[in-house]
There are 4 protein chains.
Amino acid sequence: MRADARRNRARILAAAEEVFTAKGSGASTEEVARLAGVGIGTVFRHFPTKEDLLKAIVTASVLRLAEQTQTLLAEGEPQEAFFAFFAGMVEQAAGKKAIVDLLGDAAADLDSANPVNAWRQAIEALLSRAQRFGGVRDDIGPPEVLAVLLGTCQAALSVGWDDALQERVLTIVFDGLRPR
Amino acid sequence: MRADARRNRARILAAAEEVFTAKGSGASTEEVARLAGVGIGTVFRHFPTKEDLLKAIVTASVLRLAEQTQTLLAEGEPQEAFFAFFAGMVEQAAGKKAIVDLLGDAAADLDSANPVNAWRQAIEALLSRAQRFGGVRDDIGPPEVLAVLLGTCQAALSVGWDDALQERVLTIVFDGLRPR
Amino acid sequence: MRADARRNRARILAAAEEVFTAKGSGASTEEVARLAGVGIGTVFRHFPTKEDLLKAIVTASVLRLAEQTQTLLAEGEPQEAFFAFFAGMVEQAAGKKAIVDLLGDAAADLDSANPVNAWRQAIEALLSRAQRFGGVRDDIGPPEVLAVLLGTCQAALSVGWDDALQERVLTIVFDGLRPR
Amino acid sequence: MRADARRNRARILAAAEEVFTAKGSGASTEEVARLAGVGIGTVFRHFPTKEDLLKAIVTASVLRLAEQTQTLLAEGEPQEAFFAFFAGMVEQAAGKKAIVDLLGDAAADLDSANPVNAWRQAIEALLSRAQRFGGVRDDIGPPEVLAVLLGTCQAALSVGWDDALQERVLTIVFDGLRPR
DNA sequence: GATGAATGAGAGTTCATTCAT
DNA sequence: CATGAATGAACTCTCATTCAT
């Protein structure tokens, strides 16, 4: 791939994230092209379908998340790393309707080539370690955590959502996740 | 209103609920008309705008919910009525993406003519009664409950969702909502 | 025809004149029905086609005009009667786009059953009498007068039209119509 | 702009002028597309709104007119240049209902970016020059001229209009515009 | 005769996708 | 490889007209 092509790809991804994040996945591909400063044809050359483009920005998001998780895993305090990750994700979700929606769809796809797997595995690692150290109750597994996590991310998209509400909601959810 | 008009209105609402539930609120009004067995013009006579139609099915849903709540309020066991309502709502949410989405939007609209208000008030009643009887922690109010409730409804739309998962997720959420 | 039917016919005509006059002939028949206080079906029973309804209000207008002309013909001052009629028609034209437009169409229709004929004949009478008495130049006939009259009515629909402008425009036109 | 785009733009304008001229401004955009030999989307790419398309053909007309006026202004015989322009405009109006209608609307719009201004200014120049040389009566200004001009153009749309009638009508109008 | 609900063709407009330049 | 003009199906919405009530 030529240098300019790679540069264009990155600009398209950034533009798509901004546009779809702001206006939902119903925004037009042409607007993405305009923001990226490329022709519409260039967008379709890199992502043959609008859906491909949407998937790509989810993938990018997920990879960033998985990376953050690595840092948390490497650090101490295993009981709290899990909660820190959870809170961080909810924090980032606010205002990104399109991405949260798509992430939900992607999480369901068990295809082994799915980049979401990296993210899922990171969560599993955080979870099992936190459980081993008594930070999280023992009677739940990854599916419950994923469901509660994504549900809370969706909640973060509500209109009245702010830092104070976020804190209280997380208190509820975290109390539910801790051992009794 | 003539008998046939009322019949058609009901058929259109039923069709709209089915179509939008299955395909999301992006589905076409024409498909609703086809499923209802009426002309497209008839749909627009009853609901002058697509948005009106969407609002109407949310309203219908919400009124059904508010009605169910009345029953729960009238019964004994105030501490558990709240949780029964919560569980019931999550139960019904599964598979109704469009409605849950719209409900989230509607919940934010504080317009006093909003039919969602009936539902919100019912929740507040259930909540405060449950708190008075020690069934729910005291340090939270309606906004947190609404957020957690809608978030859990969203979670119920996940692909892997089934009765077992629902039970475990509700266990987590309910433990978080109960006094420590 | 039953009494209520006749009453309805009159109310529909009045409503149609008001609606089409205000919003142009593109206004919907349903609005006419609403203003007339009858069902849409009743409108179509009396006037099987929208076009029929439009024709009917032009006919009514034209008959009123022809009647006014009779009065002018009966009175003295033959040289000025013509100009009085001309000015009166322009006066009435202001703000009645739909009717002036339709009148133009109707005037072209030479069908002998056309009610516009009564109006045309009245104009011819006024014109020839005024010419005989030296009030109007001799080298013109009804077609020129009709054209200038309708043109001036159209001009009266312009946005800036007011009484002062009307007077000055009529001065120009009347000077052109008088013998040199 | 690419060569094919410019070619298409021109073909669309030509088609629009023909279609709207023949059938009035109520004709469908689709018909314009068909006549131009392009897809409906192409029409909307060039003119995002039907109104834009209508404005464009009026603008084109008006620019043509303003250009012609320059020639007349440059030539001698100031008293007759005004009448030549007037006659020329009426001549061209015949059969172009949509354009005359829209021109009337546009003339009312005093927005300084309005291309009609070029035309209005040209008329004012012709008029004041003709008045200075005694070709046109002194007691009238641009508004009266505009009204009479547009009114006569409307008259030129009548069904019976032909060269002979046009000549006689212009004789009337011009006599009215000349000093007594 | 009156009503107004139902109809469906057709309007303007948008947008993912293709392909000539 | 990049461009952006062209495409046309699909969408929401309107309205003259019909017909069951």
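Here is how names work: the chains are called A, B, and so on, in the same order as the sequence lines, proteins then strands, and each is numbered from 1.
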Exercise for the section: Please determine if E30(A) and R45(D) form a salt bridge, counting it only when a charged side-chain N lies under 4.0 Å from a carboxylate O. Expected result: yes
Exercise for the section: Provide, to the nearest angstrom, the distance between the CZ atom belonging to F44(C) and the C1' atom belonging to dG1(E). Expected result: 17 Å
Practice task
Report yes if some heavy atom in the side chain of L103(A) is under 4.5 Å from a heavy atom in the side chain of W119(A); otherwise report no.
Solution key: yes
Handout entry: Of T42(B) and E30(A), the one whose closest DNA chain E nucleotide lies more 5'
Key = T42(B)
Practice task
Taking only the side-chain heavy atoms of T49(D) (C-beta and beyond), determine which of dT13(E), dA6(F), dG4(E) contains the nearest atom.
Solution key: dT13(E)
Problem - Length of the CD1-C1' vector between I40(C) and dG1(E), whole Å - result: 16 Å
Exercise for the section: To the nearest Å, give me how far apart NZ (K23(A)) and P (dT14(E)) are. Expected result: 13 Å
Practice task
Look at atom CD of E18(C) and say whether more than 12 heavy atoms of other residues, nucleotides or ligands are closer to it than 6.0 Å.
Solution key: no
Practice task
Verify, without hydrogens or angle tests, whether T42(D) (side chain) and V38(D) (backbone) share a donor-acceptor contact under 3.5 angstrom.
Solution key: no
Exercise for the section: Would you classify T29(D) as touching base, sugar-phosphate or nothing, given that sugar-phosphate means primed atoms plus P, OP1 and OP2, and contacts are heavy atoms under 4.0 Å? Expected result: sugar-phosphate
Problem - Watson-Crick and G-U pairing of DNA chain E written in dot-bracket, each distance under 3.5 angstrom, with | for inter-strand partners - result: .||||||||||||||||||||
Completion exercise
Per atom distances to the R45(A) side chain, the nearest of dT18(E), dA2(F), dG4(F) is dA2(F)
Fill in the blank from the handout: The single option from R2(B), R6(B), R7(B) that satisfies salt bridge (Lys or Arg N to Asp or Glu O under 4.0 Å) with D4(B) is R2(B)
Problem - Nearest-angstrom distance from the residue atom CZ of R2(B) to C1' of dA6(E) - result: 8 Å
Practice task
With the side chain of S28(D) defined as its heavy atoms from C-beta on, choose the nearest nucleotide among dA2(E), dT12(F), dA11(E).
Solution key: dA11(E)
Exercise for the section: Mind calculating the distance between CD (E31(C)) and C1' (dC15(F)) to the nearest angstrom? Expected result: 12 Å
Handout entry: First encountered from the 5' end of DNA chain F, between R6(D) and K50(B)
Key = R6(D)
Practice task
Output yes when a side-chain donor or acceptor of K50(C) lies under 3.5 Å from a complementary backbone atom of S25(C), and no otherwise.
Solution key: yes
Fill in the blank from the handout: Whichever of V38(A) and P48(B) has the more 5' nearest nucleotide on DNA chain F, that residue is V38(A)
Exercise for the section: Grab the CG-P distance between N8(B) and dA5(E) for me, whole Å please. Expected result: 11 Å
Handout entry: Spacing between R34(A) atom CZ and dA16(E) atom C1', to the nearest angstrom
Key = 14 Å
Exercise for the section: Would you kindly give the CZ-to-P distance between R11(A) and dC1(F), to the nearest whole Å? Expected result: 17 Å
Handout entry: Touch class at under 4.0 angstrom, heavy-atom based, for A27(C) against every strand present
Key = sugar-phosphate
Handout entry: Side chains of I99(B) and E17(B) in contact at under 4.5 Å (non-hydrogen atoms)
Key = yes
Exercise for the section: Verify the contact: side-chain N or O of H46(B) to OP1 or OP2 of dA6(E), cut-off strictly under 4.0 Å; return yes or no. Expected result: yes
